[in-house]
Visitor: 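Okay, here's the structure, questions in a sec.
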Amino acid sequence: MNRKIRQGSVEHLFDAVLHLENKEECFSFFEDLCTVNELLSLSQRFEVASMLRDGRTYLEIEKATGASTATISRVNRSLNYGNEGYDLVFRRMKDADR
């Protein structure tokens with residue numbers, strides 16, 4: 001875990017996110033918190049991660065999402081060498097769909 005993000009302000013933000021109860025509340029909170037470009041960037045990375053997990057190529061992902069190869073590579077590195085955060089979320093989403 002990256003020690004740089006282990007700060008009280010980040011914990012406070014995460015506590016706030018954990019209090020959101022539905023998608024509409026997420027839209028309201030994140031629209032207030034982030035710029036449109038920041039939110040689109042985060043969602044693009046998440047989409048890239050999903051497509052990489054599905055075995056899609058960089059070229060396919062670039063065409064579908066508009067993400068640069070640098071972004072795709074960074075997300076791929078997180079999937080392979082990160083803290084397994086993407087894996088946790090994807091697994092829980094899959095379990096929730098059952």
Side-chain angles (χ1 to χ4, degrees):
M1 186 71 57
N2 189 334
R3 288 189 169 99
K4 290 181 182 179
I5 67 169
R6 289 265 180 194
Q7 307 178 26
S9 60
V10 175
E11 286 192 27
H12 194 213
L13 172 63
F14 291 170
D15 287 340
V17 170
L18 291 171
H19 282 85
L20 299 171
E21 294 181 4
N22 57 52
K23 202 176 292 187
E24 282 306 312
E25 289 182 1
C26 287
F27 273 106
S28 294
F29 180 71
F30 281 97
E31 190 172 349
D32 286 349
L33 180 67
C34 301
T35 66
V36 171
N37 286 338
E38 289 168 335
L39 199 49
L40 292 175
S41 179
L42 291 171
S43 64
Q44 182 187 62
R45 289 180 197 163
F46 191 70
E47 189 64 22
V48 166
S50 178
M51 294 176 79
L52 284 167
R53 282 179 46 100
D54 289 342
R56 307 281 294 275
T57 67
Y58 276 36
L59 185 58
E60 290 173 317
I61 295 168
E62 185 178 22
K63 285 182 180 180
T65 66
S68 68
T69 55
T71 295
I72 298 167
S73 179
R74 183 177 27 214
V75 171
N76 193 44
R77 206 169 27 255
S78 291
L79 284 170
N80 291 316
Y81 306 108
N83 293 302
E84 299 180 6
Y86 281 119
D87 292 332
L88 173 69
V89 169
F90 287 131
R91 186 171 52 252
R92 288 192 179 161
M93 290 175 73
K94 184 177 178 182
D95 291 346
D97 287 343
R98 290 183 185 170

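Please read these numbers as outputs of a predicted model, since none were measured by experiment. When reading the values below, keep in mind they use all heavy atoms of this one structure, side chains included, and skip hydrogens, waters and symmetry mates.
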Visitor: Taking all heavy atoms of N22 and all of E24, pick out the closest pair and write down the distance.
Guide: OD1-N, 3.1 Å

Visitor: Given 3.5 Å as the limit, does a donor-acceptor pair link the side chain of D54 with the main chain of R56, or not?
Guide: no

Visitor: Give a yes or no on this: more than 12 heavy atoms of other residues, nucleotides or ligands lie within 6.0 Å of atom CD of E60.
Guide: yes

Visitor: Given a cutoff of under 4.5 Å between side-chain heavy atoms of I, L, V, M, F, W and Y, with clusters grown through shared members, what are the other residues clustered with V75?
Guide: F46, V48, M51, L52, Y58, I61, I72, L79, Y86, V89, F90, M93

Visitor: Could you measure the distance from the CD atom of Q7 to the NE2 atom of H12? Nearest 0.5 Å is fine.
Guide: 13.5 Å

Visitor: To the nearest 0.5 angstrom, please state how far the CG atom of L40 sits from the SG atom of C34.
Guide: 10.0 Å

Visitor: If you group Ile, Leu, Val, Met, Phe, Trp and Tyr by side-chain heavy-atom gaps below 4.5 Å, do L20 and F14 land in one group?
Guide: yes

Visitor: Donor-acceptor pair, S28 side chain versus E25 backbone, under 3.5 Å?
Guide: no

Visitor: What is the distance from atom OG1 of T71 to atom CG of N76, rounded to the nearest 0.5 Å?
Guide: 12.0 Å

Visitor: Within the structure provided, determine whether R77 and R74 are in side-chain contact (heavy-atom separation under 4.5 Å).
Guide: yes

Visitor: So does D95 pair up with R98, basic N to acidic O under 4.0 Å?
Guide: yes

Visitor: Near F27 CZ, under 6.0 Å, is it more than 12 heavy atoms from other residues, nucleotides or ligands?
Guide: no

Visitor: Taking S43 for the side chain and L39 for the main chain, is one N or O donor matched with an acceptor at less than 3.5 Å?
Guide: yes

